[in-house]
Amino acid sequence: MTTSQNTRISRFPHLKEDFAASLVVFLVALPLCVGVAVASGVPAELGLITGIVGGIVTGLMRGSSLQVSGPAAGLTVLVFEAVREFGLPALGVIVLVSGALQITMGVLKLGRYFRAISVSVVEGMLAGIGLVLIAGQLYSLIGTKAPESGLGKIAGLPEAFVDAAGSTAALSSLALGAGTIAVLVLWKRMPAKVRTVPGPLAAVGLATAAALVLDLPVATVEVKGLLDSIQPPSLGAFGELGSIGLLGTVVAFTLIASAESLFSAAAVDRLHDGPRTEYDKELIAQGAGNTICGALGALPMTAVIVRSAANVQAGARTKASRVLHGVWLLLFAALFPDLLAYIPIPALAGILVHAGAKLVPVRAIASLWREHRGEALILVATAVSIVAVSMFEGVLIGLALAVAKTAWEASHIKLEVIDKGAGPVQAYLSGNATFLRLPKILDSLESLPQDRPVELDLSGLHHLDHACRTALESWAERHSAVGTEPVRVTAG
């Protein structure tokens with residue numbers, strides 16, 4: 001072995017494992033990048049650009065070593081709404097400013113606080129996104145246009161499928177999309193040698209082959225070319241930042257992309273024994289990637305659990321695997337862009353229907369309902385609000401419900417009274433005595449016999465705020481003034 005080979009091995013000891021893993025992640029990411037872009041209503045190449053930036057730029061930065069970033073199904077609905085409302089030129093502004101906010105939050109070390117967001121709200125957010133995504137992509141499966149609102153998408157499905165039954169083109173499109181979903185669902189049961197090909201790539205590849213061989217009348221991806229798709233935001237587009245609606249969208253992008261990335265990082269950390277995620281640095285890395293994506297007019301990025309899990313399971317050891325996957329995406333987009341034109345739209349819709357279904361945590365809801373019904377209700381309410389109203393308002397409703405639930409639980413208090421008929425009445429307060437439960441506390445204490453001495457035991461209280469302390473002192477003075485022995489108070 002030569003000196004140069006020894007040097008290369010010492011500098012990149014895991015190059016073989018990372019190289020193999022990068023190819024797997026590339027093959028998983030390719031159809032997803034294209035599918036998310038098409039579903040978002042933007043050129044397919046913009047999804048590849050985001051995947052390239054996520055691999056090469058974010059991949060090189062510190063944060064989470066094995067997490068892979070790119071365009072995410074979780075932001076598809078929000079991107080589609082933003083493009084429809086503000087136009088494609090404004091998308092770059094939204095993504096760029098969101099990236100700058102992420103960097104700022106990372107520098108201010110706010111990344112760790114995203115871990116304090118209620119898991120039920122995050123899962124409810126993803127479930128709502130999943131439901132809207134599934135409903136919207138079912139229209140793409142039959143080659144028709146989806147209504148704009150979430151409720152409209154769901155309500156219009158029966159009529160859309162009835163109309164599709166009388167169209168050969170729609171039935172062909174539906175069959176191709178359903179076949180794609182079937183391949184994705186059954187792929188886990190295939191022999192191990194077959195599963196070396198990632199499921200999404202196999203599904204799209206088989207659907208593309210079927211469409212070509214059978215000459216099916218289905219829509220395919222429109223190709224513009226990588227450079228032609230890049231649309232940096234103009235200076236005039238930044239003037240729209242004065243719009244309250246656009247600023248709300250920026251906030252939604254920032255919070256949702258950050259939360260999804262950092263929750264994904266926590267999940268990826270559980271999959272491997274390597275270095276743990278540095279949350280603030282990961283937030284800066286995500287922000288840097290989104291800033292560049294915005295400057296190029298591309299889709300926003302988040303860390304994506306599907307690609308990240310594939311990276312870990314393929315044996316990746318360092319960040320080199322995710323950087324190389326970005327290089328492979330760049331080479332594909334530069335050398336073989338015309339191949340995208342053969343990919344059927346219903347096949348991509350099938351992939352996203354499958355991805356959307358994974359966002360709806362059916363088992364988690366059932367488990368939460370048995371153990372923590374309040375959390376289950378927050379999850380469902382967040383999801384329903386997103387479907388019925390919009391992404392931003394739905395998340396705000398979920399956060400408000402989580403805060404209200406926490407306040408309710410924080411103010412929980414129990415009064416236990418022991419009266420043996422003779423001697424002092426013993427009263428035990430336990431829990432959290434806050435002003436929120438002050439009326440209940442006073443009503444219970446004032447109902448105690450006025451002509452008997454009282455022993456009030458506060459040792460079971462976890463918290464006693466100033467308002468409650470003052471009220472308890474006043475009650476003790478009033479009760480003692482009736483002529484009985486002074487109230488004896490035992491503190492913890």
*Could you give me the CA-CA distance, side-chain angles and deciding distance for Ser40 and Val83, then say whether side-chain contact (heavy atoms from CB on, under 4.5 Å) is met?*
CA-CA 8 Å; Ser40 300; Val83 171; over 6 Å; no
*Step-by-step side-chain contact (heavy atoms from CB on, under 4.5 Å) determination, Ile142 to Ser173*: CA-CA 5 Å; Ile142 55 178; Ser173 182; 5.6 Å; no
*Could you check Thr50, Val36, Leu299 and say which one makes a side-chain contact (heavy atoms from CB on, under 4.5 Å) with Val42?*
Leu299
*Nearest atoms (heavy-atom pairs only) where Pro346 meets Val218*: CG-CB, 4.2 Å
*So, Asn311 side chain and Val25 main chain: donor-acceptor pair closer than 3.5 Å or not?*
no
*Measure from the side-chain N and O atoms of Ser22 to the backbone N and O of Phe19, and report whether any donor-acceptor pair falls under 3.5 Å.*
yes
*Between Gln286 and Thr58, a side-chain donor and acceptor under 3.5 Å*: no
*Would you give the length of the straight line joining atom CD1 of Ile256 to atom OG of Ser261, rounded to the nearest 0.5 angstrom?*
11.5 Å
*Calculate, to the nearest 0.5 Å, the distance between atoms CG and CG belonging to Leu141 and Leu176 respectively.*
9.5 Å
*Going through the checks in order, is the salt bridge (charged side-chain N to carboxylate O under 4.0 Å, His left out) test met by Glu282 and Arg62?*
CA-CA 6 Å; Glu282 178 64 17; Arg62 296 177 64 184; over 6 Å; no
*Using atom types as modelled and distance alone, determine if a side-chain donor or acceptor of Arg307 lies under 3.5 Å from a backbone N or O of Val28.*
no
*Rounded distance (nearest 0.5 Å) linking atom CG of Leu30 with atom CG of Leu48*: 6.5 Å
*What closest approach, in Å, do Ala127 and Pro361 show between heavy atoms, and which atom pair accounts for it?*
CB-CD, 3.7 Å
*Spell out, as yes or no, whether a donor-acceptor pair under 3.5 Å connects the side chain of Tyr139 to the backbone of Lys153.*
yes
*Heavy-atom pair of closest approach, residues Ala334 and Pro337*: O-CD, 3.9 Å
*Check the pair Val304, Thr302 against side-chain contact (heavy atoms from CB on, under 4.5 Å), reporting the backbone distance first and the verdict last.*
CA-CA 6 Å; Val304 188; Thr302 72; 4.2 Å; yes
_Side-chain donor-acceptor contact under 3.5 Å, Ser64 with Thr277_ = yes
_If you apply the rule side-chain contact (heavy atoms from CB on, under 4.5 Å), what do you find for Val79 with Phe253, and how did you get there?_
CA-CA 9 Å; Val79 173; Phe253 267 71; 3.8 Å; yes
*With the side chain counted from C-beta on, respond yes when Trp328 and Leu331 share a heavy-atom pair under 4.5 Å apart, and no when they do not.*
yes
_How long is the straight-line distance from OG1 of Thr144 back to CD of Glu159, given to the nearest 0.5 Å?_
10.0 Å
*Return yes when atom CZ of Arg84 has more than 12 non-hydrogen atoms of other residues, nucleotides or ligands closer than 6.0 Å, and no otherwise.*
yes
_Quick check: do Ile343 and Val204 have side-chain heavy atoms less than 4.5 Å from each other?_
yes
*Please check if the side chain of Ser120 supplies one atom and the backbone of Ala376 the other of a donor-acceptor pair under 3.5 Å.*
no
_Check whether Thr249 reaches the backbone of Gly245 with its side chain - one donor and one acceptor, N or O, closer than 3.5 Å._
yes
*Any idea which heavy atoms bring Pro43 and Leu88 closest together, and the distance?*
CD-CD2, 4.2 Å
*Between Gly356 and Leu133, which heavy-atom pair has the shortest distance, and what is it?*
CA-CD2, 4.0 Å
*Tell me, yes or no, whether the heavy-atom count around Phe238 atom CZ, taken from other residues, nucleotides or ligands under 6.0 Å, exceeds 12.*
yes
*Do the side chain of Lys319 and the main chain of Gly59 share a donor and acceptor less than 3.5 angstrom apart?*
no
*Taking C-beta and beyond as the side chain, do Pro344 and Thr208 meet within less than 4.5 Å on heavy atoms?*
yes
_Using side-chain heavy atoms (C-beta onward) and a distance below 4.5 Å, is Arg322 in contact with Leu66?_
no
*asked:* Tell me the closest heavy-atom pair linking Tyr279 and Ala265, and the distance in Å.
replied: CE2-CB, 4.4 Å
*Does the side chain of Thr254 come under 3.5 Å of the side chain of Gln102 through a donor N or O and an acceptor N or O?*
no
*Can you measure from CD1 (Ile134) to NE2 (His354) and round to the nearest 0.5 angstrom?*
10.5 Å
*Among Val353, Val34, Leu32, the one residue meeting side-chain contact (heavy atoms from CB on, under 4.5 Å) with Leu348*: Val34
*So do the side chains of Val197 and Trp187 get within less than 4.5 Å of each other, counting heavy atoms only?*
yes
*Contact check, side chains of Val327 and Phe26, non-hydrogen atoms, under 4.5 Å*: no
*So do Ile103 and Leu101 actually touch side chain to side chain, heavy atoms under 4.5 Å?*
no
*asked:* What I want to check is whether the side chains of Ser98 and Asn290 have a donor and an acceptor closer together than 3.5 Å.
replied: no
_Would you compute the distance between atom CD of Gln67 and atom NE2 of His272 and round it to the nearest 0.5 angstrom?_
8.5 Å
*asked:* Tell me if a side-chain donor or acceptor on Ser229 pairs with a main-chain N or O of Glu45 at a distance below 3.5 Å.
replied: no
*Taking the side chain from Asp18 and the backbone from Ala316, do they hold a donor-acceptor pair closer than 3.5 Å?*
no
*Donor-acceptor contact present, side-chain Arg317 to main-chain Glu17, <3.5 Å*: no
*Non-hydrogen side-chain atoms of Leu91 and Phe86 separated by less than 4.5 Å*: no
